[in-house]
There are 2 protein chains.
Amino acid sequence: MTQENVKSRHHHGDLKPALIKAGIDLLEEGGIKALSLRKCAARAGVSHAAPAHHFDGLAGLKQAIAEEGFRLFSQYLKDACDSGHQDPRERLRSLCRGYLQFGLDHPGILAVIFGDQGLASLVQFGGKEKADAYLTLRDVAAPFVAPGQDRLVVETQIWSLIHGFTLLYLAGEFGSPPPPIDEGPLMQVIALLERLDPPSCS
Amino acid sequence: MTQENVKSRHHHGDLKPALIKAGIDLLEEGGIKALSLRKCAARAGVSHAAPAHHFDGLAGLKQAIAEEGFRLFSQYLKDACDSGHQDPRERLRSLCRGYLQFGLDHPGILAVIFGDQGLASLVQFGGKEKADAYLTLRDVAAPFVAPGQDRLVVETQIWSLIHGFTLLYLAGEFGSPPPPIDEGPLMQVIALLERLDPPSCS
DNA sequence: CATGAAACTTGACGGCGTCAAGTTTTGATG
DNA sequence: CATCAAAACTTGACGCCGTCAAGTTTCATG
């Protein structure tokens with residue numbers, strides 16, 4: 001018996017990822033209010049002060065979780081707009097469906113990603129992963145940018161609309177529990193985006 | 001000397017509104033994280049457990065603050081879209097300006113109004129006051145509802161867009177500190193709404 | 001004036017984030 | 001292999017938090 005499962009008294013071995021995993025589990029089970037450093041530590045089988053050696057306080061843990069969360073978020077967006085037709089309008093619809101679906105499936109992670117303070121974390125955290133999600137949006141938005149128009153404007157229009165709508169949806173403004181996406185008002189609302197300049201034929 | 005300033009040992013007299021006021025002050029000074037029952041009690045010059053007799057815990061206090069906050073929010077919207085031209089498009093622009101301005105002026109109150117969980121409180125809380133704000137939106141949106149179209153769709157399109165944009169703006173996505181509203185990208189982004197059906201001439 | 005309800009206080013509990021100090025383990029250096 | 005400094009983790013404490021239980025004061029009603 002060598003040291004297969006390294007679990008000595010004072011060395012967990014893989015504590016940092018274990019804490020992140022525990023935090024995500026807590027989020028999925030009980031939402032943003034259920035996330036605490038001490039509970040993560042307990043789940044990882046470690047003392048309450050151990051996380052301090054790996055994260056800069058609770059904010060640091062959230063930041064680490066946000067990075068992981070952005071990965072999942074990006075995957076949702078990519079999967080959504082890769083599936084189905086390649087028509088620009090259809091891709092845009094799919095992107096929005098993916099955005100909303102992520103919010104429905106992982107409201108706790110959404111809350112961490114987009115921070116206690118609105119979308120602040122989008123700016124502060126999530127370097128590569130945020131960029132990844134944004135690049136997907138940019139890619140989908142590109143055909144709707146008219147010549148000479150600032151693409152940032154179009155991207156912001158899309159982002160603002162689907163983000164605001166997702167929050168409304170999660171809040172139960174369209175019924176609790178929320179209706180299935182395809183029966184819901186999503187398609188009607190994002191139809192507004194189809195009044196963007198017609199997709200350039202590329 | 002009758003009992004002019006009623007401040008006996010065990011009867012504050014006007015504790016409930018005093019606590020709400022203290023809570024709002026805390027929000028304005030330090031944002032949502034600065035709000036606590038104990039600090040409100042201290043500011044009102046009362047023991048830490050006193051608020052329990054007037055609110056159902058912290059959630060109850062937030063609910064009461066949200067009602068007050070909705071009043072202010074409604075006022076922002078009304079003032080914004082009453083000032084200036086009466087052209088439907090101009091009124092819509094003004095409404096959005098007012099929405100964003102409220103977020104910039106009172107981010108803490110916005111956080112309470114729209115809850116820890118997205119816009120949940122919009123549904124749960126804020127009876128009359130919420131309705132009031134929504135009716136302003138409805139009024140502004142009305143000219144853009146095409147015959148036979150569901151007005152809820154148009155209202156949701158407007159609401160989603162401006163709400164999502166406000167959160168982006170507050171997050172500093174357009175620079176920190178945020179640029180003045182009129183120089184900023186607000187007008188460009190909500191130009192999307194001008195592609196709604198042309199205002200009906202009434 | 002008596003009495004019961006309402007308003008408020010005091011004290012305690014457990015959970016939280018965080019800090020300081022101590023113990024164990026690791027891994028590099030000689 | 002021995003040494004030793006740094007890294008990993010523990011224990012204990014502090015203050016703040018929301019909440020509950022029990023006691024005291026004030027008010028209003030009869």
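Atom CG of A/D56 is separated from atom C1' of C/dG17 by 12 Å (rounded to the nearest Å). Whole-Å rounding puts the A/D14 CG to D/dA7 C1' distance at 15 Å. To the nearest angstrom, P of D/dG18 lies 13 Å from CZ of B/F55. Between B/R38 atom CZ and C/dT9 atom C1' the separation is 13 Å, expressed in whole Å. Going from atom NZ of A/K39 over to atom C1' of C/dG15 covers 9 Å, rounded to whole Å. Rounded to whole Å, the distance from CG on B/L37 to C1' on C/dG15 is 16 Å. Separating the CG atom of B/L61 from the C1' atom of D/dT19 is a distance of 14 Å, rounded to the nearest angstrom. Protein atom NE2 of B/H12 is 17 Å distant from nucleotide atom C1' of D/dC27, rounded to whole Å.
Taking 4.0 angstrom as the limit, A/H54 places a side-chain polar atom (N or O) nearer than this to OP1 or OP2 of D/dC9. Contact annotation: A/R9 side-chain N/O to C/dT26 OP1/OP2 distance is not under 4.0 Å.
Between A/G57 and B/A50, the residue whose closest nucleotide on DNA chain C is further toward the 5' end is B/A50. If A/A34 and A/A52 are placed on DNA chain C by their nearest nucleotide, the residue sitting closer to the 5' end is A/A34. Residue B/H53 is the one, among B/H10 and B/H53, whose nearest nucleotide of DNA chain D lies closer to the 5' end (criterion: closest heavy atom).
Considering only side-chain atoms of A/S47, the nucleotide from C/dC16, C/dC8, D/dT10 that sits closest is D/dT10. Here the nucleotide nearest the side chain of B/H48, chosen from C/dG17, D/dG12, C/dA12, is C/dA12. Comparing D/dT10, C/dT9, C/dT18 by their nearest atom to the side chain of A/L58 picks out C/dT18. Closest contact between the side chain of B/A49 and the listed nucleotides C/dT10, C/dG17, D/dT24 involves C/dT10.
Remark: B/E29 engages B/R43 in a salt bridge, criterion side-chain N to carboxylate O under 4.0 Å. A salt bridge is absent between B/E194 and A/R195; no separation between the charged side-chain nitrogens and carboxylate oxygens falls under 4.0 Å.
Within the 4.5 Å cutoff, the side chain of A/Y169 has heavy atoms near those of the A/L100 side chain. Residues B/V112 and B/I109 have side chains not in contact (no heavy-atom distance under 4.5 Å, counting atoms from C-beta outward). Counting heavy atoms from C-beta on, the side chains of B/L137 and B/Y134 come closer than 4.5 Å.
Contacts of A/S36 with the nucleic acid, taken as non-hydrogen atoms under 4.0 Å apart, involve only primed sugar atoms and P, OP1 or OP2.
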